[in-house]
Asker: 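The structure under discussion is supplied below as C-alpha cells; questions concerning it will follow.
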2 protein chains.
Amino acid sequence: MSHIVEAIPRYRKVYLELKEQITAGVFQPGDILPSEQALSTQYELTRPTIRQSLSELVREGLIVKQKGIGSIVQKPKTGIGILNIRGTTASSPTGTLTTEVIDAPELIDWPTDLAFEVPAALRQFGCIRLSRLRSLYQVPVFYEETYLPNINLPRFTQRSFTNKSLFGILSKHYDISVTGGEQRIRSIVARGRICDLLNLSSGLPILHLDKKYDTNRSQYHFFTTLWCNTKDYYLEGAL
Amino acid sequence: MSHIVEAIPRYRKVYLELKEQITAGVFQPGDILPSEQALSTQYELTRPTIRQSLSELVREGLIVKQKGIGSIVQKPKTGIGILNIRGTTASSPTGTLTTEVIDAPELIDWPTDLAFEVPAALRQFGCIRLSRLRSLYQVPVFYEETYLPNINLPRFTQRSFTNKSLFGILSKHYDISVTGGEQRIRSIVARGRICDLLNLSSGLPILHLDKKYDTNRSQYHFFTTLWCNTKDYYLEGAL
DNA sequence: ACAGACAAGTTGTATATACAGGTTAAATTA
DNA sequence: TAATTTAACCTGTATATACAACTTGTCTGT
C-alpha cells in the first residue's frame, strides 16, 4: 500500500481560497473579484490557470462572469441546498442545522432494494449503514440513510457523526471527496417510521430522494436515501 | 437595431457535434471517444480547444474522463431528466413525451405570487404566459406554467407549442438559449385544477417545482412553475 | 453642454508547447 | 513460460502568448 500524497493542483488551491473568501464575506455579493490578470499576478500563475479556478466558481454559482466587466460575486442561495454537490451540512444556513444519529454505523449486507444498482466491484465488500436525522431550529426536517462500501475505512464505525458533516469526515480522515453523482426524486406520503422520526401525521406529502455519489476514488460510490418534510422549507439547487 | 450574427465558437461546434453523435448512437455507452489528440487533428483545432468542448460534455454527464484511458461515453440517464439544464422535451425518452397546450400564449400583467422575484428591469415589460400538459404514453405526468418577459419576441403568441420544445423555439427563432438557473422543490398534495389536469384524485402527493432560467441574453430570465405526478416516474438529475 | 471618438481594462477564444502521471500491451529478460 | 521492463498512448496540469469583443470612463471637438 502506497502512501497517498494526493498533491493538490495549484488551480484548485486558488479556487478553494477564493471560495473561502467569498463564503467568509471578504467579497460581498455584487462585488467584483480581482481581474484574471490581477489574480495571476497575485498567485504567480498564468491566466489560463486562474480561469480554471474561476470556472469552478461559476459552475457552483458563486460568481457570474461578464465580458468587459469581470467576475461578479453572487448572493448565496437561500433554502436547503441539498440538490447540489455540497453536503447537507455545508450548504445550510450556518449554525441552524443539527444532526442526530439514529442508527450508529454498522456493518451489514448490501440491501437489495437500493434505487441504484450497486456495482459488482463494491458488492464483494461489506456495507456500512448509518442513519441520521437533521433538524432546523430543533424541528426535524429530513431523515437520511447512508450506505457506504467498507473499503479502507479504518475505525469508521467508531466515529461520532453527531453534528458533523459526513462529507467532511470522508474528506479529512479518508481522502475521499465527492465529485458528482445523480439523484432521483419522488413525492410520497409519510408513513410508519418516517412519520415518527419527522414528527408528522401519517398521509402528509414528503420528498423522497435517492442519491448516488461519485468520488475521487475511482469506482468508489456511496448511496443515500433521504426523506424530507417540505412544509416549511424547500429544496434548492442550480440547474 | 443591429443584425445578430452571434458567431458560434469553434469549441462549441465540436461540443454540439459530439453531443449529437452520442445521442444519435454513433458512440455507444461504454465506447471511448477519439482521444483529444485525434479530435484536434480531425477538427483542426488544438488540444486546449478540444478540452473545452469535452468539459461541457463532462458537465452534462454524457462522458466521464479517465486519466490514461480516455473519454468514456455514459449510459443516457433514465427517468424524466428535468432537473438538469435540458428542456423537458429533449431529456425524455424519445418519442414518448407528448405536449398539449392548455392555455395558449397570452399577454398578462406579471403575477405577484411567483416564487422568484422578477427583476425590475423585466417588470416594465409585459409578461407572456402559457401553460402546457406533458404526457408519457398518453398518461398526464406534469403540468407546466411558463412566464416570459415580452421583450423582442415577435409573433410569439401566434406560435404553436403543441409537441414542440419551448427551448427549441426560443433557440431557433429568437436566439435565446438557456445557460443555467435555479429551482426550488416541494412535495405537496394535489388539489383543484391540478387534480383535473393530471387526472388524479385529490390528496395525492405530487412534486411542485419553481424554476428560474438564465439565458444568453443578459438580464433576460424566464420562469416556470411545474406540478409533477411521480407515482410512476421520478425526476432525475445530476448532482 | 453635448456627442462622438478614443483609450484602458476586462473576459472570451484560440494557438503552441511541455511535462507529469496513469493505463495498457508489447517487448524483453530471467 | 512467467515475470518484468519498456514503449506508446492517454488525460491532467501549467506556461506563454495573441487577438477579438465588450464595457466604461475620459478626452476632444463642435
Side-chain angles (χ1 to χ4, degrees), chain A residues 2-16 18 27 30-59 62-74 121 177 179-180 214 216-220, chain B residues 2-16 18 27 30-59 62-74 121 175 177 179-180 216-220:
Chain A
S2 70
H3 181 58
I4 300 173
V5 267
E6 190 75 20
I8 296 176
R10 289 182 247 183
Y11 78 86
R12 185 157 175 85
K13 286 190 175 173
V14 174
Y15 152 76
L16 289 170
L18 289 173
F27 298 112
D31 283 0
I32 294 184
L33 290 186
S35 72
E36 296 175 351
Q37 185 59 250
L39 288 171
S40 38
T41 304
Q42 178 184 338
Y43 286 100
E44 295 181 310
L45 294 167
T46 55
R47 193 155 82 91
T49 305
I50 295 295
R51 283 178 64 80
Q52 193 168 357
S53 309
L54 295 181
S55 72
E56 281 292 286
L57 295 174
V58 170
R59 202 177 62 80
L62 276 77
I63 62 173
V64 296
K65 300 176 77 172
Q66 204 166 332
K67 195 191 289 192
I69 306 279
S71 301
I72 306 161
V73 177
Q74 296 301 105
S177 61
T179 55
D214 307 328
N216 58 334
R217 283 196 194 175
S218 179
Q219 304 279 51
Y220 189 90
Chain B
S2 70
H3 180 57
I4 298 172
V5 266
E6 189 76 22
I8 296 175
R10 290 182 246 184
Y11 78 86
R12 186 158 174 84
K13 286 191 177 175
V14 174
Y15 152 76
L16 289 170
L18 289 173
F27 297 113
D31 283 0
I32 294 184
L33 290 187
S35 72
E36 296 174 352
Q37 182 59 50
L39 288 171
S40 41
T41 304
Q42 177 184 339
Y43 286 100
E44 294 181 311
L45 295 167
T46 54
R47 193 155 83 92
T49 304
I50 294 296
R51 282 178 65 79
Q52 193 168 355
S53 309
L54 295 182
S55 72
E56 282 290 288
L57 296 174
V58 170
R59 201 176 61 80
L62 276 76
I63 62 172
V64 297
K65 301 174 76 172
Q66 204 166 332
K67 195 194 287 191
I69 307 279
S71 300
I72 306 161
V73 177
Q74 295 301 104
D175 281 317
S177 60
T179 54
N216 57 334
R217 282 196 195 175
S218 179
Q219 304 277 54
Y220 189 90

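Throughout, a chain's letter reflects where its sequence line sits, starting with A, and its residues are numbered from 1.
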Asker: Rounded to the nearest Å, what distance is computed from the NZ atom of residue A:Lys65 to the P atom of nucleotide C:dT10?
Answerer: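 In whole Å, C:dT10 P lies 13 Å from A:Lys65 NZ.
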
Asker: Return the value, rounded to whole Å, for the distance between atom CZ of A:Arg51 and atom C1' of C:dG12.
Answerer: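 My rounded result for the distance is 6 Å.
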
Asker: Expressed as a whole number of angstroms, how long is the span from B:Lys13:NZ to C:dT13:C1'?
Answerer: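 Distance check: B:Lys13 NZ to C:dT13 C1' gives 14 Å.
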
Asker: Just the rounded figure in Å: distance from P of C:dT13 to OH of B:Tyr15.
Answerer: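 Roughly 14 Å, once rounded to whole Å.
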
Asker: Ignoring hydrogens and geometry beyond distance, is the side chain of A:Arg47 in donor-acceptor contact with the base of C:dG12 at under 3.5 Å?
Answerer: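 By the distance-only test, yes, there is a pair.
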
Asker: Considering all heavy atoms of both residues, which atom of B:Ile8 and which atom of B:Arg12 are nearest to each other, and what is their separation?
Answerer: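 The answer is CG2-CB, 4.0 Å.
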
Asker: Between B:Leu33 and B:Ile63, does a side-chain contact (heavy atoms from CB on, under 4.5 Å) hold up when you go through it step by step?
Answerer: CA-CA 9 Å; B:Leu33 290 187; B:Ile63 62 172; 4.0 Å; yes

Asker: Restricting to non-hydrogen atoms, name the atom on B:Val14 and the atom on B:Ser53 that form the minimum distance, rounded to 0.1 Å.
Answerer: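 Minimum heavy-atom separation between B:Val14 and B:Ser53: CB-OG, 3.5 Å.
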
Asker: For A:Thr49, answer base if it contacts any base atom (sugar-phosphate contacts may also be present), sugar-phosphate if it contacts only those atoms, and nothing otherwise; contact means non-hydrogen atoms under 4.0 Å.
Answerer: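 Counting heavy atoms under 4.0 Å across all strands, the contact made by A:Thr49 includes a base.
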
Asker: Considering every strand and a 4.0 Å limit on heavy-atom distances, what is the contact class for A:Arg10: base, sugar-phosphate, or nothing?
Answerer: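 A:Arg10: backbone/sugar contact only, no base atoms under 4.0 Å.
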
Asker: Between D:dT11, D:dT13, C:dA14, which one does the side chain of B:Tyr11 approach most closely?
Answerer: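 Side chain of B:Tyr11 sits closest to C:dA14.
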
Asker: Taking all non-hydrogen atoms of both residues into account, name the closest pair between A:Lys65 and A:Ser71 and its distance.
Answerer: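 Looking at all heavy atoms of both residues, the closest pair is CG-OG, 3.7 Å.
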
Asker: Measure CD/A:Gln37 against P/D:dT15 and give the value in whole Å, please.
Answerer: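 Interatomic distance, CD of A:Gln37 to P of D:dT15: 13 Å.
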
Asker: Figure out the CD/P separation between A:Gln52 and D:dT11, and round it to whole Å.
Answerer: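 Answer to the nearest Å: 16 Å.
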
Asker: Any side-chain N or O of A:Ser35 below 4.0 angstrom from OP1/OP2 of C:dT10?
Answerer: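 Answer is yes, contact under 4.0 Å.
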
Asker: Which nucleotide sits closest to the side chain of B:Ile69: C:dT24, D:dG12, D:dT15?
Answerer: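 Comparing C:dT24, D:dG12, D:dT15 against the side chain of B:Ile69, the answer is C:dT24.
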
Asker: With nearest nucleotide decided by heavy atoms, which residue, A:Pro48 or B:Gly70, maps closer to the 5′ end of DNA chain D?
Answerer: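 In this pair, the answer is B:Gly70.
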
Asker: Look up atom CG in A:Leu62 and atom CG in A:Leu57, then write down how far apart they are to the nearest 0.5 Å.
Answerer: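 That separation rounds to 6.0 Å.
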
Asker: Between D:dT11, C:dA16, C:dA14, which nucleotide gets closest to the side-chain atoms of B:Leu45?
Answerer: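 My answer, after comparing the listed nucleotides, is C:dA14.
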
Asker: Rounded to the nearest Å, what distance is computed from the CD atom of residue A:Glu36 to the C1' atom of nucleotide C:dG12?
Answerer: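 In whole Å, C:dG12 C1' and A:Glu36 CD are 9 Å from each other.
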
Asker: Can you check the B:Ile72 CD1 to D:dC10 C1' distance for me, whole Å?
Answerer: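 Result: 11 Å.
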
